[in-house]
Amino acid sequence: MSATFSSPQNLSPRQLGWVLLAAGLLNTMLWLQSLDIYLDTRWQWRLQSVLPAAAFTPSRQWASWWGRAVAVVDPEPPTGQGPAPLLQPLQALPVGEFWPTLAQQKALPGPQRMLFAGDSMMQGVAPLVMRELAQAHPDWQLTDLSQQSTGLTARRYFDWPRTIAKAIETQQLTWVVIFLGPNDPRDMFLPDKRVSFATADWLQHYAARVDEILAHAHKHQVCVLWLGLPAMREDRLQRGVQVLNHVFHDRASAFGTDYLATEPLIGVASLPFQKYQRDETGPSVSLRTEDGTHFTPAGLRKITQAVVAHIEKAVQP
Amino acid sequence: MAGMSFVSPEFALLCLLFFPLYWALALYPHAQRTLLMLSGYALYASWDWLFAPLLLVYSLAVGAMGMWLARQPHRRLPACVALTLSIACLVYFKYAEFLRTSLLALFDVLGWHPLLPEWDVVAPVGISFLTFQAITYLVMVSRQPSSLRPLPQVLLFLCFWPTLFAGPILRAERFFAQLDAGAPGQPRETLVALYSIVLGAAQKLVLATWLADTWVDPVFKSPEQYGGLSVLAAMVAYTLQIMLDFGGYTLIVTGLALLLGFELPVNFRQPYLARNLQDFWMRWHVSLSSFIRDYIYIPMGGNRLGFARTQANVLFGMVLSGVWHGPNWTFVVWGLLHGLGVVSVNLYKRAAGPALPAWLAHTMTLLFVALAWVFFRAPSLEAAWRMWQGVFFNDRAFWQVPPGPMWALLALVMGFLALSRHAAALQADLVARLQAWPVWRLGVLLSLSIGGVVALGPSGVPGFIYYRF
């Protein structure tokens, strides 16, 4: 037996390097498809763009063996539902302006069954809204499915249209409240092409994903309240907010659903980001956490009050 | 804001390139240390590119203060100035907004409404750990000027990435002693290192994530939606989650440091086997508790100034330990609770109370620690109170269906406590067995272990609890 394969008291750097390399490469090969989805979601970079399709075969077989079949590409919208033309073309709003709240729905009378969907922003808002509503309406059923790092762009990582559609059917929902977006200002990878963020093509495909949710809700007579995004600290997100709010507002107008503008509460996206807001009477209050995306308890309180007030108004006969 | 985590795939893949290169440079210590330093800055910049220049400026300032301190004939006052400056940096980044809102609330009660400046700064990740490590260097130099280090070594110490983000708090003496001892750039105790990394990843990615997703997060978010048993189970689950999360993290960085050729201080000694709170603090986050003991409690007089003053020092040290974790009153209350607990133990001992049976002392300690953790996890005092209310004053049926399989939680808790007693022996035994294995078999085992962790772990990369400190 050669020295390399002798019983080691302590592996030499060379042996250790080979062991790590072998274990690393083997696992990379077996989990390549999952790694691709992860890198796509986390760093917006796809292995599929640099590796041949055959490289993914072992990982697909391995994943299905584990019962973890993973989507190779973003799922397509249902048959017949192509890219959605927007009612209004994307335009930069004048400084200080924002898309206003739309309150177009009236809920059916009786106990409501409500779903909260979205990303880490909704993870902050949902528990507070649920607490307020549960106190006022103990007979309502409230479910929070919000999950961090999710959105509508990287659909193969987390498929909100399908998740919401399934919840609508299994829980016989009457309301869906949605708050997401900071993970979405990025290019979209479709089966045949990469679509750059904020182009006309991107807007149509993103709107189609919004439409998929709204159309399913409409079909089942479910009210939808879509929360618009407030200003963000990061420039990329700040620009993204204006694009996404345009789509959310446009599609809510088209489907007759509700849109709640958080910009007047937290910060207008066409103005410079501000962490603090001064009340008329009291001192200035910080509404945003350090990252400039999420909310402090004071910020969450403002959004919660607005959401609860909006829903309460919509359920009044 | 999220940087490169030690349990992320991209970090693992970069390690495959980094470590062989690092070891290959063992014959060229300067180049090797430069690589280590650059990798520290690159990792720090992955969170926010601005953090890297901030770290550099801070490290240069600490290095300069060290040089200034070493030149002073009388170093007591200069040392105070240097420590105040380094702590001021922590306060500026981490506590200014907390102080502002607390003062405004206080002034509001007094009917006074002054305008305090708004504070919009982003605290660099791990700044609490960084500050404490910087303090160990400044104190070392003030006590022994001959221990002054060249600036590049100070920079290396303060950007040493295994401890940069969430500890363990590595003292300057310990780091430089290893640097001086020879060539630390070769991997040490490689089997222990690999065992630690795999075990730590399994604890964090599989067990702690399951506890968080299934039990802790849903219940802490909306305790009023669950029965008393579920709320109690969530408290138990968090008690285990934080141990597996932070303990797992410590194992991972300990293993990584060994691969770099450095040994980190022990941070956990099976804390949930403690039989009183003093014992607990000699086992939990040891690098922090020993820092507070050596750099705060003892300089304040320790136990040398009478019983009453000793208890005041204990209380101060524990509250400070709480505040160190974050700018939130929940951490203040958590520290205060532990301080009062330790003082109570001291009073009981002074009153010569009868020794409790071991099982009772163990249970009482664990119960106290678990109940106090609620303040550590809850986002506000109100939320913590709602959790406690959820156990004792709950409108829902106590036995209401819990959010996860209770048997699995119980099995995990019992299994963890049982294994804790034998963890050191099990590790020694396993490593001894592995030493007898041929290299190819080790490779297969490592591959299977990593594959198992990936298969059972979450789809994304979860954050570490202690990253926010």
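Computed from a prediction, not measured in an experiment: that's the story for all the values here. Sequence lines set the chain letters: A, B, ... in the order given, protein chains first and strands last, and positions in each chain run from 1.
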K.L.:
What is the minimum heavy-atom distance between B/F93 and A/E290, and which atoms define it?
P.N.:
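Here B/F93 and A/E290 meet closest at O-OE2, 3.9 Å.
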K.L.:
Is the CD atom of A/Q238 crowded by more than 12 outside heavy atoms at less than 6.0 Å?
P.N.:
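Yes, enclosed.
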K.L.:
Taking C-beta and beyond as the side chain, do B/K221 and A/R131 meet within less than 4.5 Å on heavy atoms?
P.N.:
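With C-beta onward as the side chain, the pair stays apart.
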K.L.:
Less than 4.5 Å apart, any side-chain heavy atom of B/V439 and any of A/V19?
P.N.:
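SC-SC contact between B/V439 and A/V19 confirmed.
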K.L.:
Sort out for me which of B/E189, B/R188, B/R386 touches chain A most, counting heavy-atom pairs under 4.5 Å.
P.N.:
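Highest number of heavy-atom pairs under 4.5 Å: B/R386.
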K.L.:
Considering non-hydrogen atoms only, spot the tightest contact between B/T190 and A/L11 and give its length.
P.N.:
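That closest heavy-atom pairing would be OG1-N, 2.9 Å.
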K.L.:
Donor-acceptor check, side chain of A/N27 to backbone of B/G451, threshold 3.5 angstrom: yes or no?
P.N.:
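Flag set: sc A/N27 to bb B/G451 pair under 3.5 Å.
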K.L.:
For a 4.5 angstrom cut-off between non-hydrogen side-chain atoms, does B/P187 reach A/Q15?
P.N.:
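No, side chains not in contact.
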K.L.:
Using atom types as modelled and distance alone, determine if a side-chain donor or acceptor of A/Y38 lies under 3.5 Å from a backbone N or O of B/E10.
P.N.:
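It does not hold such a pair.
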K.L.:
Quick one: what part of B/V431 sits under 4.5 Å from any heavy atom of chain A, side chain, backbone, both or neither?
P.N.:
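Answer is neither: B/V431 stays 4.5 Å or more from chain A.
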K.L.:
Please classify the contact of A/T28 with chain B as side chain, backbone, both or neither, using a heavy-atom distance under 4.5 Å.
P.N.:
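For A/T28, the side chain is the part near chain B, not the backbone.
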K.L.:
Of all the residues in residues 132-142 of chain A, which have a heavy atom that comes within less than 4.5 Å of a heavy atom in chain B?
P.N.:
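Against chain B, the residues of residues 132-142 of chain A that fall inside the cut-off (heavy atoms, under 4.5 Å) are A/L142.
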K.L.:
If you round to the nearest 0.5 Å, how far is CH2 of B/W23 from CZ of A/R14?
P.N.:
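The CZ atom of A/R14 sits 12.5 Å away from the CH2 atom of B/W23.
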K.L.:
Please classify the contact between B/L194 and chain A as side chain, backbone, both or neither, with a heavy-atom cut-off of under 4.5 Å.
P.N.:
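Interface part for B/L194: side chain.
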K.L.:
Do other residues, nucleotides or ligands put more than 12 heavy atoms under 6.0 Å from the OH atom of B/Y28?
P.N.:
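Result for OH/B/Y28: open.
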K.L.:
Going from CG on A/L26 to CD1 on B/I450, what distance comes out if it is rounded to the nearest 0.5 angstrom?
P.N.:
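With rounding to 0.5 Å, CG (A/L26) is 9.0 Å from CD1 (B/I450).
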K.L.:
Please test A/R233 against B/D120 for salt bridge (Lys or Arg N to Asp or Glu O under 4.0 Å), starting from the C-alpha separation and ending with a verdict.
P.N.:
CA-CA 11 Å; A/R233 185 196 292 277; B/D120 190 5; 2.6 Å; yes
K.L.:
Answer whether the closest heavy-atom distance between the side chains of B/L104 and A/V285 falls below 4.5 Å.
P.N.:
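A side-chain contact under 4.5 Å is absent here.
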K.L.:
If you compare all heavy atoms of A/Y276 against all heavy atoms of B/R100, which two are closest, and at what distance to 0.1 Å?
P.N.:
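Distance-wise, the nearest heavy atoms are CE2-NH1, 3.4 Å.
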K.L.:
Is chain A contacted by the side chain of B/L17, its backbone, both, or neither, given a heavy-atom distance below 4.5 Å?
P.N.:
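Neither part.
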K.L.:
To check you understand the geometry: which heavy-atom pair defines the closest contact between B/G443 and A/A23, and what is its length?
P.N.:
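In this case the closest contact between B/G443 and A/A23 is O-CB, 4.5 Å.
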K.L.:
With a 4.5 Å cut-off on side-chain heavy atoms, are B/V454 and A/L30 touching?
P.N.:
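No, side chains not in contact.
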K.L.:
Select all residues of residues 114-122 of chain A having any heavy atom within less than 4.5 Å of some heavy atom of chain B, and report them by number, or 'none'.
P.N.:
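Expected list: none.
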K.L.:
Let me know if B/E118 has heavy atoms under 4.5 Å from chain A in its side chain, its backbone, both or neither.
P.N.:
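Both backbone and side chain.
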K.L.:
Measure A/S149 against the heavy atoms of chain B and call it side chain, backbone, both or neither at under 4.5 Å.
P.N.:
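The answer is neither part of A/S149.
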